There are 2 protein chains.
Amino acid sequence: MTNNTLVKMILDRWNATVKNCDDLFASLSDEQLEKQIVPGRNRGVYLLGHLIAVHDSMLPLMELGDNRYPELQAPFHDEPDSLSAEFPPTRELRQMWKDQTADLKQRFETIQPENWFQKHTSVSAEDFAKEPHRNKLNIVLTRTTHLAYHAGQLVLLVEKIPGA
Amino acid sequence: MTNNTLVKMILDRWNATVKNCDDLFASLSDEQLEKQIVPGRNRGVYLLGHLIAVHDSMLPLMELGDNRYPELQAPFHDEPDSLSAEFPPTRELRQMWKDQTADLKQRFETIQPENWFQKHTSVSAEDFAKEPHRNKLNIVLTRTTHLAYHAGQLVLLVEKIPGA
């Protein structure tokens, strides 16, 4: 088994899950994104901002640079959704999502296989020596299941064709 | 990077996502599982049966044996949810879920690292030679994102504490 294969397995999952969310956001209007998934829970637009904020934090964790959208951490990560929260315009969030997924795709493609298995920045060298699974590729893996979890919620905002 | 580390990365994700669902099913009453996640969509009990059916199909795919619950394929995999569908009693489905996750955990622990990277049964030897990522471990990875997707829906049935 080569490292290339392992990296491909996990990046394929990441890319497929991002594509699923791309399609969902494209099919949802701004008005649909304003709705709560179920009464009292997160709105679609909160989840859009939340996913950008969580993926933005992958940059420093993976030593790929500083956060590009630090202003999204407070409203979309530190705070829960609230109907009184003031968010950036939805069209701006949509553009950030597109820019970010394209940027991450490009960055991920240039990472050499052996570099994927280096430690990420929130684990110490001592701990990493004992726990080599706490590597950069594992960051992508954990964010992929996080993304799938919220994709399962966003799909509920899509209008269902009766009988389909 | 050793194969052990990669296997651990993916099994850790599987086990954590199963644990999340275990906790969700334990916190949901039979009455709550009878509810649709949102009007017109799957009920909790359908998702419970669906997850058992999908995970049951991992056995033949990974050469671990025949399906244990073939009777669940038609109602929970081949067919969408329907309010007129007749399902096994929820307490039986809960027990199947418990038995299955314990059984899979035990089976997965006995698979040797190198065997995880052998081909699964729905890929030909010719294709596998060109696409070595289509291995048994990849089955667990794809089922993990599938499970996370539905976990994101099941959590919506849990009663939310106001203000929490």
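No hydrogens, no waters, no symmetry mates; every other heavy atom, side chains included, goes into these values. This structure is a prediction, so every number in the text was calculated from the model and none was measured.
For A/Thr142, the parts sitting under 4.5 Å from any heavy atom of chain B are the backbone and the side chain alike. Neither the backbone nor the side chain of B/Leu147 has a heavy atom closer than 4.5 Å to any heavy atom of chain A. Residue contact with chain A, scored on non-hydrogen atoms closer than 4.5 Å, is absent for B/Asn4.
Taking A/Asn20, A/Thr17, A/Val155 one by one and counting their heavy-atom pairs under 4.5 Å with chain B, the maximum is reached by A/Val155.
The minimum heavy-atom distance between B/Ile37 and A/Val38, with the atom names listed, is O-CG1, 3.5 Å. Pairing each heavy atom of B/Thr145 with each of A/Ala148, the nearest pair is O-CB, 3.5 Å.
Note on A/Phe87 and A/Leu47: same hydrophobic cluster, where clusters join Ile, Leu, Val, Met, Phe, Trp and Tyr whose side-chain heavy atoms are under 4.5 Å apart, directly or indirectly. Connection of A/Ile139 to A/Val54 is not established within any shared hydrophobic cluster, with ILVMFWY side chains joined at heavy-atom distances below 4.5 Å, either directly or through further cluster members.
By the neighbour-count criterion of 12 heavy atoms within 6.0 Å, atom NE2 of A/His120 is densely surrounded, having more than that number from other residues, nucleotides or ligands. When the shell of 6.0 Å around NE2 of B/His146 is examined, it contains more than 12 heavy atoms from other residues, nucleotides or ligands. Under a cut-off of 6.0 angstrom, the local environment of CD in B/Glu114 is crowded, with over 12 non-hydrogen atoms contributed by other residues, nucleotides or ligands. Remark: B/Asp66 CG is loosely packed, at most 12 non-hydrogen atoms of other residues, nucleotides or ligands lying under 6.0 Å away.
Between B/Arg13 and A/Thr144, the closest side-chain pair of non-hydrogen atoms is not below 4.5 Å. B/Asp12 places none of its side-chain heavy atoms less than 4.5 Å from the side chain of A/Asn138. Using a 4.5 Å cut-off on side-chain heavy atoms (C-beta onward), A/His133 and B/Leu6 make no contact.
The distance from atom CZ of B/Arg134 to atom CE of A/Met9, rounded to the nearest 0.5 Å, is 12.5 Å. Taking CZ of A/Arg41 as the start and CG of B/Leu156 as the end, the distance is 5.5 Å to the nearest 0.5 Å.
B/Gln153 contributes a side-chain N or O that, together with a main-chain N or O of A/Gly152, makes up a donor-acceptor pair within less than 3.5 Å.
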